[in-house]
A.B. asks: 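Dropping the structure in here first, questions after.
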Amino acid sequence: MNNKLSKKILNKIEHKKIKLKSKLFFSIKYYIFWILVLFAMVMLSFLFTSLFSHIQQIDFSIADKVSGGKFYHFMLFFPYSLLFLLIIVFIISIENFFHTKYAYRIEIKTIFLTIFFSALVISGFLILFADTNKIEETLQKGSFGIYHSGHLRRKQMWVQPENGLLAGSIISLTDDMKNFDFIDFSGKIWSIDISNFKENDILILNTSKYISLYGELQDSEGFKVCIIQEWEKKKTFQKNERNYFKLRSNKCN
Amino acid sequence: MNKLTDNQLIKKTLYEDKEFFGFLIERYEKKMKRYIRRMTSFSNNDVDDLMQDIFIKIYQNLNDYDQKLSFSSWLYRIAHNLIIDDYRKKTSRKRDFKIDIDDNFFENIQNDTKIEKTTENNFHRVYIEKALSEIGGKYRDVIILYYFEEKNYREISDILKKTENTVATLLSRAKKQLRIKINDLTNKNYEQ
């Protein structure tokens with residue numbers, strides 16, 4: 001090597017003790033973006049699952065009435081968390097595009113759409129084969145604040161005792177099965193009269209974590225129940241529920 | 001050492017002795033110097049400083065080099081980014097842009113941009129040089145890489161970190177811009 005420049009550079013490397021950056025440093029740098037993509041995809045698929053199962057379970061004719069109109073219902077129902085996550089996914093796609101080894105060979109929109117549609121496909125599988133309620137609970141328990149607040153608003157929509165609707169969970173059930181204490185989604189505690197209770201609903205009381213009550217308001221802390229249903233309902237329940245809601249006039253039959 | 005490939009020299013630098021890196025520097029020194037001169041209007045000292053920065057950065061990041069990419073493309077990518085950063089710090093890229101137009105480039109650009117061929121080739125050379133200094137930086141980059149450095153679409157894609165489609169679009173727009181600029185300059189000259 002007789003070249004001046006190469007000697008100069010090698011001397012500088014020696015003199016300034018310039019070190020090679022480790023392989024691990026680069027691996028972490030690159031793989032972190034792909035891991036983020038995977039994470040975003042999984043989160044997105046959970047949210048899609050939650051959204052679709054919500055659409056599947058909700059009865060829009062009732063929901064519109066209890067939420068105070070189509071616009072308000074849309075605002076309550078709108079998946080802000082999904083929008084938020086989509087923005088994050090988009091940012092990750094761009095970061096990936098610029099900072100990983102070969103991602104620049106793919107169009108940004110391709111990365112974004114791949115994540116989006118993969119999440120849709122995964123959510124399809126989850127809806128078909130997984131317990132969507134558990135996914136919903138996991139999302140709420142996690143530190144996913146936006147999701148939680150949106151979900152809470154939707155829950156509170158169903159707390160309208162003056163219109164004969166309550167939803168929440170049982171605190172304690174009396175031995176004679178005539179009353180139980182109940183906490184609604186807004187945190188208020190109620191004494192629930194279940195003297196009109198139908199026997200085949202006992203199973204719901206024993207197995208469901210959250211329930212919806214249809215009945216009439218008795219006083220500031222009392223509520224008489226006509227129908228009890230699981231909070232997360234199967235589609236087949238909805239027709240009966242709708243008919244009941246339309247027919248009743250805040251009185252138990 | 002001339003018989004060793006770039007990848008072999010890199011391996012030897014990484015696992016045997018950093019002195020092997022010197023051979024890589026020698027192999028690419030002229031090309032890099034020419035590339036910097038085409039991209040900038042730096043003085044000799046500035047070019048030398050930049051050359052050192054480029055090769056030191058290459059050395060520091062050798063573990064990041066992936067053999068799926070050609071070493072030349074990877075080197076040009078790092079060099080390109082450093083040149084842009086350095087040039088931004090020192091001056092506006094449009095100013096004082098000077099480029100030596102050789103016959104080969106002149107012929108290729110004339111054919112590709114469909115510039116009217118005249119006997120006044122020297123005028124055209126001046127116009128092309130001026131037009132190159134006036135088109136946008138991103139267009140000039142692809143023109144330099146494609147015509148001067150003779151890189152193909154895949155290599156330019158790897159150097160600029162853009163898709164091959166984007167490179168093709170950029171090159172097509174660059175040629176169009178160049179043609180318009182050259183025509184403008186020619187017309188102005190005839191009017192005078």
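As the structure is a computational prediction, the values presented were derived from the model and not from experiment. Naming convention: chains lettered A, B, ... in sequence-line order (proteins, then strands); numbering from 1 in each chain.
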A.B. asks: Is atom NZ of K130(B) surrounded by more than 12 heavy atoms (other residues, nucleotides or ligands) closer than 6.0 Å?
C.D. replies: no
A.B. asks: Testing the basics here: between G22(B) and S6(A), what is the closest heavy-atom pair and its distance to 0.1 Å?
C.D. replies: O-CB, 3.6 Å
A.B. asks: So which part of S22(A) gets closer than 4.5 Å to some heavy atom of chain B, the side chain, the backbone, both or neither?
C.D. replies: backbone
A.B. asks: Nearest 0.5 Å, please: how far is CG in L62(B) from NZ in K23(A)?
C.D. replies: 11.0 Å
A.B. asks: Is any side-chain heavy atom of Y59(B) closer than 4.5 Å to a side-chain heavy atom of I9(A)?
C.D. replies: no
A.B. asks: Does either side chain, that of K12(A) or that of Q52(B), offer a donor lying less than 3.5 Å from an acceptor on the other one?
C.D. replies: yes
A.B. asks: Tell me, for D158(B) versus chain A, whether the close heavy atoms (under 4.5 Å) come from the side chain, the backbone, both or neither.
C.D. replies: both
A.B. asks: Which atoms of L24(B) are under 4.5 Å from chain A, going by heavy atoms: the side chain, the backbone, both sets, or neither?
C.D. replies: neither
A.B. asks: Looking at E14(A), I'd like to know if its CD atom is crowded, meaning that more than 12 non-hydrogen atoms belonging to other residues, nucleotides or ligands lie closer than 6.0 Å.
C.D. replies: no
A.B. asks: For the atom pair CZ (F21(B)) and CG (L20(A)), what is the distance rounded to the nearest 0.5 Å?
C.D. replies: 9.0 Å
A.B. asks: Is K21(A) close to chain B through its backbone or its side chain, or both, or neither, when contacts mean heavy atoms under 4.5 Å?
C.D. replies: both
A.B. asks: Going through the distances and angles, do D64(B) and F25(A) end up as a side chain to side chain contact (heavy atoms under 4.5 Å, CB included)?
C.D. replies: CA-CA 9 Å; D64(B) 187 30; F25(A) 168 81; over 6 Å; no
A.B. asks: Please assess I13(A) against K18(B) for the test side chain to side chain contact (heavy atoms under 4.5 Å, CB included), listing each intermediate value before the final yes or no.
C.D. replies: CA-CA 9 Å; I13(A) 289 171; K18(B) 62 172 172 294; 3.8 Å; yes
A.B. asks: How far does CD1 of I25(B) sit from CG of L10(A), to the nearest 0.5 angstrom?
C.D. replies: 5.0 Å
